[in-house]
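What follows is one structure encoded as structure tokens, with my remarks underneath.
Being a predicted model, the structure only gives us computed values, none of them experimental. In what follows, every chain begins at residue 1, and chains take the letters A, B, ... in the order their sequences are listed.
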Protein chains: 2
Amino acid sequence: MKIDPDSTVDLSAQIAKAIRDAIIAGDLIVDQRLPSEAELADHFDVSRPTVREALKRLAAQSLIRTQRGATGGAFVNRLRFEDAYAQQVTTSTLLLSMNAVSFDVACEARYALERACAPLSAERRTPDHLATMRAEIHRQGQPGLTDEAFCASDVTFHRALVDGAGNKVLSYQLAGAVEAMQPLMNMITFTARSREAIVALHTDIADAVEARDATKIDATLVKLEAYTRELAHSVVTARAQKAAEKEHKTA
Amino acid sequence: MKIDPDSTVDLSAQIAKAIRDAIIAGDLIVDQRLPSEAELADHFDVSRPTVREALKRLAAQSLIRTQRGATGGAFVNRLRFEDAYAQQVTTSTLLLSMNAVSFDVACEARYALERACAPLSAERRTPDHLATMRAEIHRQGQPGLTDEAFCASDVTFHRALVDGAGNKVLSYQLAGAVEAMQPLMNMITFTARSREAIVALHTDIADAVEARDATKIDATLVKLEAYTRELAHSVVTARAQKAAEKEHKTA
DNA sequence: GCCAGATTAAATGTCAGACATTAAAATGTA
DNA sequence: TACATTTTAATGTCTGACATTTAATCTGGC
């Protein structure tokens with residue numbers, strides 16, 4: 001592991017890269033202890049604060065964890081699925097919001113991916129997945145539910161569908177696609193009628209999952225996507241109209 | 001933005017979280033300049049190195065960028081698709097290797113997702129995507145290509161297929177699934193015969209994409225998945241046999 | 001008045017050394 | 001042996017300083 005002290009790049013960034021590369025290459029294995037900060041500072045010929053900045057960078061990516069005390073230090077962290085989920089969701093959410101990704105594009109991606117899980121989910125779903133889906137459908141029908149809670153329940157429902165595929169990698173990849181949509185969905189006002197329609201589609205999906213009918217799941221997801229996009233469009237149209245009216249008033 | 005100085009959690013982690021939350025909530029918008037390190041230190045009532053550690057954490061997630069000089073400072077970074085790709089690939093790769101994800105599980109996830117792109121790609125692919133696919137097929141047929149180069153070309157081919165869907169979000173989500181497989185694929189030895197078979201399937205896919213035949217693409221991807229898994233299994237079997245022989249010799 | 005070069009100022013990048021805190025291991029003692 | 005104490009080695013944090021970069025400002029000369 002070496003760095004170039006003459007480079008214009010931050011020393012801490014270079015050190016972080018060197019260690020990260022070592023982890024990726026397998027030179028440092030899970031749970032292995034890194035040298036102490038003082039030793040690393042010595043090795044790279046930099047000060048301790050610089051080493052610390054590098055370690056914090058790695059910690060931010062969940063690549064290492066630190067422990068205080070006599071036998072403490074920095075350890076290569078086993079990247080867990082849950083940690084990766086969280087990062088994935090954060091990154092995806094910011095990506096959508098910062099790049100002004102349209103509702104349609106995000107929605108299309110999400111349903112395309114979700115439909116990919118349908119056949120596997122039909123085959124492998126357990127009673128547990130089914131129970132979660134039914135419970136969320138019930139929650140979604142409750143009056144007095146806020147729009148945000150409705151959206152959150154929607155996410156839980158769809159995650160149960162995805163998890164039903166029984167493939168952790170798939171669940172991880174989908175986490176971003178499904179959850180990152182939430183801020184976009186939250187812009188929609190769900191009327192009683194639209195909630196009813198969505199609950200009906202969700203029920204169809206749950207029924208199809210129970211019957212292990214992959215074709216039916218797929219078809220219903222297509223309907224749900226179309227309906228969701230329709231809803232979003234009506235929101236946009238309504239907003240545009242209001243803006244036009246306001247414009248008219250002030251003029 | 002506030003932190004709890006009595007918490008057992010690192011101050012730098014708390015500060016990073018506070019700023020991250022502000023970015024996610026939209027309180028800090030893209031390209032906005034954060035207060036200087038000294039001002040942040042003052043605000044959170046900590047020292048400058050602690051603030052710096054927090055900022056490095058955010059920089060590691062591409063949430064901010066820093067600039068030196070008189071008008072420099074830390075700025076909220078527009079998370080670009082390319083940056084997100086890279087992070088996604090790194091995370092996915094480590095996730096698979098550190099959790100000993102089986103070839104079958106990863107492969108299943110990858111092809112399920114890729115098949116989700118097929119209908120869109122059939123509809124929207126441009127001549128460019130097609131040209132990339134053809135070029136990679138040609139490369140894959142060249143004798144003397146190393147296994148690694150073959151794998152790399154394979155990845156490029158499949159990315160062209162995915163990109164053909166013309167949905168950036170989809171491309172981003174797929175990046176991890178496709179590229180993270182590469183280390184696993186690299187364990188396979190591709191014989192001349194198996195390369196020939198793969199090239200034939202790739203050709204079928206390219207032809208189907210050109211003909212905008214979604215059904216055919218899907219069917220061929222299913223075949224390709226089956227063949228890939230078969231190849232991987234034969235490698236595992238061969239290894240097991242060798243190990244058994246060695247065991248026999250030493251015994 | 002205008003332009004080129006020198007100066008200044010404000011920010012990040014880096015260093016050195018110190019002290020605080022934590023937690024395990026070593027040690028001492030009943 | 002069991003328990004309390006001390007030691008020790010690590011991370012966490014602070015202070016203060018200097019180095020470096022870069023844009024803005026000032027200054028002379030034309």
Side-chain angles (χ1 to χ4, degrees), chain A residues 1-20 23 28 30-77, chain B residues 1-20 23 28 30-77:
Chain A
M1 293 197 295
K2 275 180 188 169
I3 60 172
D4 172 16
D6 297 331
S7 164
T8 58
V9 182
D10 286 11
L11 292 176
S12 71
Q14 288 185 58
I15 294 169
K17 183 175 186 321
I19 298 177
R20 183 167 34 240
I23 293 174
L28 294 168
V30 167
D31 292 334
Q32 187 174 336
R33 184 179 171 281
L34 270 61
S36 73
E37 294 175 354
E39 285 167 333
L40 285 172
D42 211 50
H43 173 76
F44 289 113
D45 202 24
V46 299
S47 69
R48 217 187 119 208
T50 302
V51 167
R52 281 182 62 79
E53 286 178 9
L55 294 179
K56 294 312 163 199
R57 294 177 116 109
L58 298 173
Q61 297 181 300
S62 306
L63 293 185
I64 62 167
R65 61 176 186 279
T66 54
Q67 209 178 331
R68 297 179 71 171
T71 57
F75 297 83
V76 178
N77 197 28
Chain B
M1 292 197 294
K2 275 181 188 169
I3 60 170
D4 172 16
D6 297 331
S7 164
T8 57
V9 182
D10 286 11
L11 292 175
S12 71
Q14 288 185 59
I15 294 170
K17 183 176 186 322
I19 299 175
R20 180 163 40 237
I23 294 174
L28 295 168
V30 167
D31 291 335
Q32 188 174 336
R33 184 179 171 281
L34 295 173
S36 73
E37 294 175 353
E39 285 167 332
L40 285 172
D42 211 49
H43 172 77
F44 288 113
D45 203 24
V46 298
S47 68
R48 218 187 117 207
T50 302
V51 167
R52 282 180 62 79
E53 287 178 8
L55 294 179
K56 295 313 164 201
R57 295 177 113 109
L58 298 173
Q61 297 181 300
S62 306
L63 292 185
I64 62 167
R65 61 176 186 277
T66 54
Q67 210 178 330
R68 297 179 72 171
T71 59
F75 297 82
V76 177
N77 197 27

Which nucleotide in the list D:dA23, C:dT14, D:dT13 gets nearest to the side chain of A:T50?
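Closest nucleotide to the A:T50 side chain: C:dT14.
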B:S47 has its side chain closest, among D:dA19, D:dG12, D:dC14, to D:dC14
What is the separation between atom [atom1] on [X] and atom [atom2] on [N], rounded to the nearest whole Å?
X     : N      : atom1 : atom2 : value
B:D6  : D:dG12 : CG    : P     : 18 Å
A:R48 : D:dG12 : CZ    : C1'   : 7 Å
A:D45 : C:dT14 : CG    : P     : 13 Å
B:R65 : C:dG13 : CZ    : C1'   : 18 Å
B:Q14 : D:dT13 : CD    : C1'   : 13 Å

For residues [X] and [Y], report the shortest heavy-atom separation together with the two atoms involved.
X     : Y     : answer
B:P35 : B:L40 : O-CD1, 3.6 Å
A:R57 : B:A59 : NH2-CB, 4.0 Å
B:S12 : B:T50 : CB-O, 3.6 Å
A:L55 : A:I64 : O-CD1, 3.4 Å

With DNA chain C as reference, determine whether A:Q67 or A:P49 sits nearer its 5' end, using the nearest nucleotide of each.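 With A:Q67 and A:P49 compared, the 5'-side residue is A:P49.
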- Item | Nearest-nucleotide 5' precedence on DNA chain C, A:G69 against A:V46 |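 It is A:V46 whose nearest nucleotide is closer to the 5' end.
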Worksheet item: What distance do B:L63 atom CG and B:I19 atom CD1 have between them, rounded to the nearest 0.5 Å?
Response: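 Output value for this atom pair is 10.0 Å.
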Taken to the nearest 0.5 Å, the spacing of B:D31 CG from B:R65 CZ works out to 4.5 Å
Without swapping roles, check the side chain of [X] against the backbone of [Y] for a donor-acceptor pair under 3.5 Å.
X     : Y     : result
B:H43 : B:M1  : yes
B:Q14 : B:V9  : yes
A:R33 : A:G72 : yes

- Query: Between B:R20 and B:I23, is any pair of side-chain heavy atoms under 4.5 Å apart?
  - Reply: no
Would you say a side-chain N or O of A:T71 is under 4.0 Å from OP1 or OP2 of C:dA25? no
- Return yes if the base of D:dT22 and the side-chain atoms of B:R68 contain a donor-acceptor N/O pair under 3.5 Å, otherwise no.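 Side chain to base: no pair below 3.5 Å.
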Other residues, nucleotides and ligands only: do more than 12 of their heavy atoms fall within 6.0 Å of CG on A:D45? no
Expected list for residues 34-43 of chain A near DNA chain D, using heavy atoms below 4.0 Å, is A:S36, A:E37
I need the residues from residues 52-64 of chain B with at least one non-hydrogen atom less than 4.0 Å from DNA chain D; give them sorted by number, or say none.
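Heavy-atom contacts with DNA chain D come from no residue of residues 52-64 of chain B; none.
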Using side-chain contact (heavy atoms from CB on, under 4.5 Å), reason through B:I15 and B:V46 one step at a time and then give a plain yes or no. CA-CA 10 Å; B:I15 294 170; B:V46 298; 3.8 Å; yes
Can you pull every protein N or O that's under 3.5 Å from an N or O on nucleotides 4-8 of chain D?
none

Next item on the list: With heavy atoms under 4.0 Å as the rule, sort A:R33 into base, sugar-phosphate or nothing.
Entry: sugar-phosphate
